[in-house]
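Just so it is clear: chains get the letters A, B, ... in the order the sequence lines come, proteins before strands, and each one is counted from 1. Quantities reported herein were computed from a predicted structural model and do not represent experimental measurements.
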Amino acid sequence: MTLPRRRHGAAPWLFLAPFLLLFLLFVAVPFGGALWLAFRHGDAATGAAGLQFVGLGNFRFALADPLFWQSLGNTLVLTLLAGVPQHLLALALAWMIYRYLGRLTGLAGIVGMVPYVTSAIAIALVFTTLLSSEYGLVNQWLARIGLGPFDWLHDPLLLKLSIAALVCWRYVGWNTVLYLTALQALPVALLDAAAIDGAGGWQRFRHVVLPQLRPMIILALTLTLIGGCQLFDEPFIVAPDGGTERAGLTTTLYLYRLAFDAGDLGGAAAMGWLLLVSTVTLVLAFNLLWGRGAWRRVE
Amino acid sequence: MAAGGISVIRNAAAFLGIAVPASGLQARGAARRASGKFAVSLLLAVAAALLLLPFWSLLVFASHDGADIFAMPPPASFGQHFGANLAALSLTPFWQAMGNSIYVAVCATVLSLLVSSLAGFALALYEFRGRRVLLGLAVLSMLLPPFLTVVPYFFWISWLGWLDQFRALYLPAAVNGLGVLLMRQYIASAIPAALLEAARLDGCNEFQLYWRIVLPLCRPALATLAVISFIGAWNNFLIPLVILPSPEHYTAPLALRALQGPAGADWGAVMAGALVAIVPTLIALLLAARHWRGVMASHAPH
């Protein structure tokens, strides 16, 4: 049931005025500024006057900068390292909760949301303590079973794994809740029919549930891709300068350093656009490859 | 593409609205084999333990001093340093930062509720030229990534002379596309048309309609939006990082970062601070969960 809409002169515009004003000030102007800055270079300390038009200079600079490419690669690798296990785990957990947990489902949802609502900074600090190479809890436990010590925060590969583990830990519960919501929307009759036809638990999941979950899987993976491309808080705490061999330098972290440490606002703006183009390309490619028709079905 | 984007966001909003499933909705798992159920419960318990383990460490570490935290073996139970750690925090601007965070998050939440519900009301009730464009703007405001606009935003804010001022944080937070779509959806589907007609016949003007009839009926949607806005504002890191240079204006995440410091952090104090700083969002989550459960229960078939 949807409310019928009527015409009422200027009334809608009065109600919309606050949103429009704030949109103009804090979305439209910065967006225009991002376009303007991307083509300018110079000393920003003197304000806009210190910036000269340089055409495509910033984009040429970014594309020729090996660190920029490395940061894009890092971002992609971290997104995959954190994303793949995260969604496999979330699907499995959601299915188990849905099938077996009954009355405790709500509690499971809350537990899953706890890491998601927790400040990334606070939790990255805890992870830094736990993963500290000499005295961290993780290495002390591993030493008990004769492993390690591992230099989680400094070895280039392990640093990536540590950041990925932190990101995975933070979002696995959120994705579980998304999948759980989709599972609960499934028609119960569907599962019952499959059970009557003699399908076992795994077969039911693989052939009945998974195809039905596809729209939600596409959506959740898309959100992970978008979020992954913006990864900033976690690497900023774990490896503020990008870490050994810049293994933890994500593009947003590099862009931040470039703008606010090196003062190259134009270069950073150009990199922002390049990152946006990469993100959109990635998301579109993913959705064209896997998501055909999935959106219509979510609707 | 735009229409596709709108449906994505609308769906995302719908998921957020019902993000935490209510217990009791599932009477389906009744007749399962007991052994399988036990094994799965064990697995789920392990998963929950892993998920909550860092919080347990945080709780334990917050009650020890730095030397204990990195001792061999590490502390497994609570120590006696929690008070001392809190006292150490008092030597830094941490408590002020907590106050700043509360101020910013509350302002952002109230403004975002007001702005979103006003806009959602207009989009749900009226037919006007440009309505679709407005919906598109709401979606756009969610899709523009912060990394793209953070640099020009910093430039713009310093031009306005708003650097180091809280309004540079809570005013942009009030542009909440998700909130607008959420409120529009809720108002369009939950408010009976007859009620609006009756109110208009009784002489309500359009603003009274919004303030006295629609807003009070929107409590569930407002509560959901409040929690989302509060948590988002509280955990925001990148924008405060570039907007607030002075320590006395730090928000909680910035103050935590500053405690980490380059030279010899007091890890006991850092852990106590992290613990204190996550409490408000945890409370928000619990409030939301209780609320959602109530909403679900009232809609459940009897």
Please flag which part of Phe260(A) lies under 4.5 Å from any non-hydrogen atom of chain B: side chain, backbone, both or neither. side chain
Interface moiety of Leu22(A) toward chain B, non-hydrogen atoms closer than 4.5 Å: both
Measure the acute angle between the ring planes of Trp13(A) and Phe128(B), then classify it against the limits of 30° and 60° as parallel, tilted or perpendicular. perpendicular
Got a donor-acceptor contact below 3.5 angstrom from the Asn235(B) side chain to the Ala120(A) backbone? no
Heavy-atom pairs under 4.5 Å with chain A, option from Ser158(B), Ala48(B), Ala274(B) with the top count: Ala274(B)
Residue part contacting chain A, namely of Leu144(B), when any heavy atom lies under 4.5 Å: side chain
Centroid separation under 6.0 Å, is that true for the rings of Trp169(A) and Phe55(B)? yes
Select one option (side chain, backbone, both, neither) describing which atoms of Ile237(A) are under 4.5 Å from chain B's heavy atoms. both
Quick one: CG on Leu169(B) to CZ on Phe26(A), what's the gap to the nearest 0.5 Å? 10.0 Å
Parallel, tilted or perpendicular: which fits the ring planes of Phe15(A) and Tyr210(B), with parallel below 30° and perpendicular above 60°? tilted
Main-chain N/O of Ile278(B) paired to Thr118(A) side chain as donor or acceptor, under 3.5 Å: no
So do the side chains of Met271(B) and Val126(A) get within less than 4.5 Å of each other, counting heavy atoms only? yes
Who among Val115(B), Val270(B), Val40(B), Leu111(B) has the most heavy-atom pairs with chain A under 4.5 Å? Val40(B)
Just so I know, are the side chains of Ser119(A) and Thr281(B) near enough to count as touching, which here means a heavy-atom distance under 4.5 Å? no
Who wins among Val180(B), Leu44(B), Leu275(B), Ile157(B) for the most heavy-atom pairs under 4.5 Å with chain A? Leu44(B)
When heavy-atom pairs shorter than 4.5 Å are enumerated against chain A, which of Thr149(B), Leu196(B), Leu148(B) gives the highest number? Leu148(B)
Quick one: which of Ala252(B), Ser41(B), Ser117(B), Ser141(B) has the most heavy-atom pairs under 4.5 Å with chain A, could you say? Ser141(B)
What are the two closest non-hydrogen atoms of Arg5(A) and Ala124(B), and how far apart are they? CG-O, 3.1 Å
Assess whether side-chain contact (heavy atoms from CB on, under 4.5 Å) is satisfied between Leu130(A) and Ser57(B), documenting all intermediate values. CA-CA 8 Å; Leu130(A) 292 174; Ser57(B) 308; 3.7 Å; yes
What residue, out of Gly136(A), Pro30(A), Gly112(A), Ala17(A), has the most heavy-atom pairs lying under 4.5 Å from chain B? Pro30(A)
Going by heavy atoms in the side chains, are Leu20(A) and Leu137(B) under 4.5 Å from each other? yes
Which atoms of Val114(A) come close to chain B, meaning under 4.5 Å heavy atom to heavy atom: side chain ones, backbone ones, both, or neither? both
Heavy atoms only, distances under 4.5 angstrom: which of Ala11(A), Pro115(A), Ala259(A), Ala268(A) has the most pairs with chain B? Name it, please. Pro115(A)
Count the heavy-atom pairs under 4.5 Å between each of Met96(A), Arg170(A), Gln140(A), Arg144(A) and chain B, then report the option with the highest count. Gln140(A)
Donor-acceptor under 3.5 Å (Trp156(B) side chain, Leu25(A) main chain): yes
Contacting region of Leu195(B) [heavy-atom separation from chain A under 4.5 Å]: neither
Largest heavy-atom contact set with chain B, pairs under 4.5 Å, which of Thr252(A), Val172(A), Ile121(A), Leu93(A): Ile121(A)
Are any of the side-chain heavy atoms of Val150(B) and Tyr256(A) separated by less than 4.5 Å? no
Less than 4.5 Å to any heavy atom of chain A: does that hold for the side chain of Val242(B), its backbone, both, or neither? side chain
Exercise: identify the closest heavy-atom pair between Cys229(A) and Phe147(B): O-CE2, 4.5 Å
Between Leu125(A), Ile123(A), Val27(A), who has the most heavy-atom pairs with chain B when the cutoff is under 4.5 Å? Leu125(A)
Please classify the contact between Phe232(A) and chain B as side chain, backbone, both or neither, with a heavy-atom cut-off of under 4.5 Å. side chain
OG1 of Thr279(A) to CG of Leu143(B): how many Å apart, nearest 0.5 Å? 12.0 Å
Could you tell me which of Ala174(B), Pro54(B), Ala119(B), Ala122(B) has the largest number of non-hydrogen atom pairs under 4.5 Å with chain A? Pro54(B)
Count the heavy-atom pairs under 4.5 Å between each of Leu255(A), Leu37(A), Thr129(A) and chain B, then report the option with the highest count. Thr129(A)
